[in-house]
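Following: one structure in structure tokens, then a few remarks.
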Amino acid sequence: MSSKKQVKAGNVLIGGGAPVSVQSMLNTPAGDIDACVKQALALESAGCEIIRTTVPDLSAVRTVAALKEAVSVPIVADIHFDYRMALEAAEAGADKIRLNPGNIGADDRVKAVADKCRQKEIPIRIGVNSGSVEKSILAKYGAPTAQALVESAMYHVGLLQKFDFDDIVISLKSSSVQTAVKAYRLMAQTADYPLHVGITEAGTERMGLLKSSAGIGSLLMDGIGDTVRVSLTADPVKEVYAAYDILKATDVRRRGVNLVSCPTCGRTKIDLIGLAARVEDALKNCQKQITVAVMGCAVNGPGEAANADIGVAGGNGYGLLFSKGKILRKIKEEELFTELMKEIEKL
Ligand code: SF4
């Protein structure tokens, strides 16, 4: 149910069957060009495909221009209430604007932003969240429910459509995983705009990742979602890794190695937990689209991981190297890691 409609932010297509893209947001001070550029470069090298930065004032507009010079990843300007910042950011080269037209005042301001974005051929993301739902809609539903979020988003969509602007992406964020998932499902049935999916204020690394996996994962499994942002109270680079891991876990988009490892049990006679952690760490930047298995025993390992391109299964003081379920050779436990890595090199 990925949207049929497609928009373009810089060199990244969103919706219309394009690969689900990964984005994050800078958390460096908006006016600190050096810090923002440094973080954007780190995000770019981690594989981030869209970078958002807040634009509260003119110093941040200069940051947008500097970011455009420094990275080739599209830059999204996040605007809150000042429509002039949207106009300035678009002039400075922003590839997309994130703004809720209902928050910027009279119609002439909405028209000015819509006209500028049309002229620059950049899309606008409408980002609704539980805290931003209009009072009248809140009064109707009594709480920021899924219906309330969708109605709020459609109100903002209507304001842009009034000025014939339709290059829209929508996000409906709630810190409640249930509400967010329901809202995105309802939105996917309500209109055909690309959806930016995420769970807002998801929390610190562990719970944030779990909530995001449950929420974003459920939506992706339904075929909903065109671009993903995992929100973590952590370094944004970790958001990028997390987003790719969710895409990988849901089989929506593969990047790098798929590591299969067993939970260990009473049959395990080698340090499998240590070995699996070592292998995962060694392969974290490996771009080969392969499945690697690290299994605890030779009785079940090769069979359970029969799809693995290469794998090891532990024995008593030794391990078996296998490929596609077939045993290749027996290796001493202390040489398992090195031999496995050598085989991966060859693939
Ligand atoms: Fe236990 Fe072997 Fe299964 Fe691992 S692969 S959980 S060691 S039976």
### Ionic contact status for K284 with D281, cut-off 4.0 Å
yes
#### Entry: Any side-chain donor near an acceptor of the partner, D226 and Y193, under 3.5 Å
no
### Query
Would you say the side chain of E134 lies within less than 4.5 Å of the side chain of H156, judging by non-hydrogen atoms?
yes
### Query
Are side-chain heavy atoms of M85 and L58 found at a separation under 4.5 Å?
yes
#### Entry: R84 backbone acceptor or donor facing D82 side chain under 3.5 Å
yes
#### Entry: N/O donor-acceptor pair under 3.5 Å between T190 side chain and L186 backbone
yes
### Query
Heavy-atom count around E280 CD within 6.0 Å, excluding the residue itself: above 12?
no
Throw together a table of side-chain donor-acceptor distances under 3.5 angstrom for residues 308-322, partners on residues two or more places apart or in other chains.
residue : atom : partner : partner atom : Å
D309    : OD1  : K324    : NZ           : 3.3
D309    : OD2  : T291    : N            : 2.7

### Query
Is it true that K342 and E339 have a side-chain N and a carboxylate O under 4.0 angstrom from each other?
yes
### Message
Check for me, please, whether L99 and M154 land in the same ILVMFWY cluster - side-chain distances under 4.5 Å, paths through other members count.
### Response
yes
All N/O donor-acceptor pairs, side-chain side in residues 63-78, below 3.5 Å, sequence neighbours left out:
residue : atom : partner : partner atom : Å
T63     : OG1  : A30     : O            : 2.5
T63     : OG1  : S59     : O            : 3.3
K68     : NZ   : D95     : OD1          : 3.2
K68     : NZ   : D95     : OD2          : 2.9
S72     : OG   : E44     : OE2          : 3.0
D78     : OD1  : H80     : NE2          : 3.2
D78     : OD2  : R52     : NH1          : 2.4

### Query
Short question: side chain of N100, backbone of G127 - any donor-acceptor pair under 3.5 Å?
yes
### Task
Among Ile, Leu, Val, Met, Phe, Trp and Tyr joined by side-chain contacts under 4.5 Å, find the other residues sharing a cluster with I273 and list them by chain and number.
none
### Task
Inspect the surroundings of CD in Q119 and state if more than 12 heavy atoms from other residues, nucleotides or ligands are less than 6.0 Å away.
yes
### Message
Counting neighbours of CD on Q161 that are heavy atoms of other residues, nucleotides or ligands and sit closer than 6.0 Å, is the number greater than 12?
### Response
yes
### Message
The criterion is salt bridge (charged side-chain N to carboxylate O under 4.0 Å, His left out); which residues satisfy it with K135, sequence neighbours excluded?
### Response
none
### Query
Is atom NZ of K288 surrounded by more than 12 heavy atoms (other residues, nucleotides or ligands) closer than 6.0 Å?
yes
### Summary
Under a side-chain separation threshold of 4.5 Å, the hydrophobic residues clustered together with F81 are none
### Message
Is any side-chain heavy atom of K96 closer than 4.5 Å to one of I14?
### Response
yes
### Query
Can you check whether V110 reaches F165 side chain to side chain, under 4.5 Å on heavy atoms?
no
### Query
Is the backbone N or O of D222 less than 3.5 Å from a side-chain atom of R185, with the two atoms forming a donor-acceptor pair by type?
no
Please report, to 0.1 Å, the donor-acceptor pairs under 3.5 Å made by any side chain of residues 195-210, with sequence neighbours excluded.
residue : atom : partner : partner atom : Å
H196    : ND1  : Q23     : NE2          : 3.2
H196    : ND1  : R125    : NE           : 3.3
H196    : NE2  : K173    : NZ           : 3.0
E205    : OE1  : K238    : NZ           : 3.2

### Summary
By salt bridge (charged side-chain N to carboxylate O under 4.0 Å, His left out), K116 pairs with (sequence neighbours left out) E91
### Query
With sequence neighbours left out, what residues match D34 under salt bridge (charged side-chain N to carboxylate O under 4.0 Å, His left out)?
none
### Query
Which residue pairs pass the salt bridge (Lys or Arg N to Asp or Glu O under 4.0 Å) test with at least one member in residues 6-32, sequence neighbours excluded?
none
### Query
Going by the salt bridge (Lys or Arg N to Asp or Glu O under 4.0 Å) test, which pairs reach into residues 243-259, not counting sequence neighbours?
E49-R253
### Message
By the salt bridge (Lys or Arg N to Asp or Glu O under 4.0 Å) test, which pairs, at least two apart or in different chains, include something from residues 262-275?
### Response
none
### Query
Can you list the residues that meet the salt bridge (charged side-chain N to carboxylate O under 4.0 Å, His left out) rule with K111, with sequence neighbours excluded?
D115
